[in-house]
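Below is one structure; the comments refer to it alone.
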Amino acid sequence: MAHPVIPQVLEIAAPIATDLGLEVVGAVFQTNHNPPVLRVDVRNLTQDDTSLNDCEKMSIALGEALETSNTLPDAYVLEVSSPGVSDQLQTDRDFIVFKGFAIEITLHTPHKGKKVWIGTLLERTESKLAISQRGRRVAIPNELVEAVQLSNQVEA
């Protein structure tokens, strides 16, 4: 469960990130540290990776905004970092970047008798997710897809 201050932090952080060409992808307030640690993860929207310079700019701007807002009145440590590469594919950018990679698709309703599909990502359009299985193209309707993640398995 997220700390109650997280929605306020995200409300402050999101427009700052946007102005810097970044996106806030998560935040956590770790109160088990002394002082507590506020970690905000950002992703660069224009490049494949988030640089140390991106994190530094966000840290300075967010730190100033949090101080003036008095959202966190007590001492805390602010950490701004990149979330790294997640194995979950969720954004349009994820599906472009990982085209050609092995993926596992979990469906909430079976398609052609299967709830789990493994194959090489070909494309995602507005209506379908296309994979290659042993050289054959399989199109799965997006409305059936529950989750997509990178897979270390070979095509099924």
Side-chain angles (χ1 to χ4, degrees), residues 1-33 36-52 54-55 57-59 61-62 66 71-72 76 78-156:
M1 185 164 111
H3 190 278
V5 77
I6 293 299
Q8 295 168 329
V9 169
L10 294 175
E11 189 175 310
I12 294 167
I16 294 169
T18 301
D19 289 347
L20 295 171
L22 304 171
E23 170 188 37
V24 176
V25 294
V28 63
F29 192 47
Q30 300 168 330
T31 56
N32 59 332
H33 292 68
V37 175
L38 173 62
R39 192 185 79 234
V40 178
D41 292 333
V42 295
R43 176 181 298 146
N44 190 309
L45 294 173
T46 60
Q47 299 175 7
D48 286 340
D49 59 351
T50 304
S51 71
L52 184 57
D54 291 330
C55 293
K57 287 179 183 176
M58 182 67 181
S59 179
L62 180 58
L66 288 171
T71 302
L72 298 166
Y76 66 95
L78 174 62
E79 292 180 358
V80 176
S81 63
S82 166
V85 177
S86 169
D87 65 346
Q88 295 290 321
L89 277 62
Q90 298 174 331
T91 66
D92 290 338
R93 183 173 182 263
D94 291 341
F95 286 91
I96 292 167
V97 169
F98 292 105
K99 181 178 178 179
F101 282 73
I103 61 169
E104 180 177 311
I105 305 164
T106 304
L107 307 178
H108 53 75
T109 304
H111 177 67
K112 297 182 181 180
K114 292 171 60 176
K115 284 189 79 174
V116 176
W117 289 80
I118 297 172
T120 303
L121 174 60
L122 297 175
E123 69 174 340
R124 183 178 76 164
T125 66
E126 286 185 28
S127 61
K128 69 181 180 324
L129 181 59
I131 60 173
S132 172
Q133 281 194 326
R134 296 187 190 139
R136 287 190 18 229
R137 183 182 182 93
V138 177
I140 300 170
N142 284 339
E143 63 266 11
L144 302 179
V145 176
E146 183 175 306
V148 180
Q149 66 183 33
L150 293 174
S151 175
N152 56 5
Q153 296 184 34
V154 181
E155 296 177 12

Decide yes or no for [X] and [Y]: does some side-chain heavy atom of the first lie under 4.5 Å from some side-chain heavy atom of the second?
X	Y	value
D54	L20	no
L38	I6	yes
M58	V24	yes
F98	I103	no
L121	F101	no
V116	L107	no
E123	K128	yes

Does CD belonging to E11 count more than 12 external heavy atoms closer than 6.0 Å?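 Atom CD in E11 is not packed in, count stays at 12 or less.
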Show, in sequence, the C-alpha distance, side-chain angles and deciding distance for L72 and F29, and conclude whether the side chain to side chain contact (heavy atoms under 4.5 Å, CB included) test is met. CA-CA 10 Å; L72 298 166; F29 192 47; 4.0 Å; yes
Interatomic distance, [X] atom [atom1] to [Y] atom [atom2] [nearest 0.5 angstrom]:
X	Y	atom1	atom2	value
T120	R134	OG1	CZ	12.0 Å
L52	S59	CG	OG	10.0 Å
R39	H33	CZ	NE2	10.0 Å
I140	K114	CD1	NZ	8.0 Å

How far apart are the closest heavy atoms of [X] and [Y], and which atoms are they?
X	Y	value
S82	C55	N-SG, 4.0 Å
V42	V25	N-CG2, 4.2 Å
A139	H111	O-NE2, 3.3 Å
L10	A27	CD2-CB, 3.8 Å

Could you walk me through whether L66 and Y76 pass the side chain to side chain contact (heavy atoms under 4.5 Å, CB included) check? CA-CA 11 Å; L66 288 171; Y76 66 95; 3.5 Å; yes
Does any N or O in the side chain of [X] come within less than 3.5 Å of the main-chain N or O of [Y], such that one atom is a donor and the other an acceptor?
X	Y	result
H108	E143	yes
Q133	I118	yes
T50	N44	yes
D19	I16	no

Residues D41, R43: salt bridge by 4.0 Å N-O rule: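 A salt bridge is absent here (no side-chain N lies under 4.0 Å from a carboxylate O).
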Checking side-chain hydrogen bond (donor to acceptor under 3.5 Å, both in side chains) between R124 and each of N142, D94, D92, which is the one that passes?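 Between R124 and the candidates, side-chain hydrogen bond (donor to acceptor under 3.5 Å, both in side chains) is satisfied uniquely by D92.
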